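Remarks on the structure that follows.
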Amino acid sequence: MKNPTLIAELHAKLGARSSDAVESLRLLKAFLKLAPGQRIEVVELVERLTSEHNSETDRPLS
């Protein structure tokens with residue numbers, strides 16, 4: 001993505017830094033290239049990591 005106008009438009013639409021938007025688009029593109037079975041594995045991994053992170057942060061403070 002070398003077009004500065006396109007990057008500025010993405011920034012305005014997404015509300016994220018342009019480098020974050022570009023990285024998100026790269027990840028999406030890579031995800032879409034995966035086979036359906038691999039996509040399911042990635043989604044399950046992310047869900048597992050998210051639930052583990054939430055369980056760590058949801059502990060009582062005492």
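Only a predicted model underlies this, so the values are computations on that prediction, with no experimental measurement involved. The first residue in the sequence is number 1, and the count goes up from there.
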**OP:** Answer yes or no: is there a side-chain heavy-atom contact under 4.5 Å between Glu41 and Leu45?
**Re:** no
Original post:
Under a 4.5 Å cut-off applied to non-hydrogen side-chain atoms, are Arg39 and Leu32 in contact?
Top reply: yes
Original post:
Atom CD of Glu47 and atom CD of Glu44: how far apart are they, to the nearest 0.5 Å?
Top reply: 7.0 Å
Subject >> Straight-line distance of Leu28 CG to Lys33 NZ, nearest 0.5 Å >> reply: 11.5 Å
**OP:** Identify whether Leu27 and Leu34 are in the same connected component of the hydrophobic contact network (ILVMFWY, side-chain heavy atoms under 4.5 Å).
**Re:** no
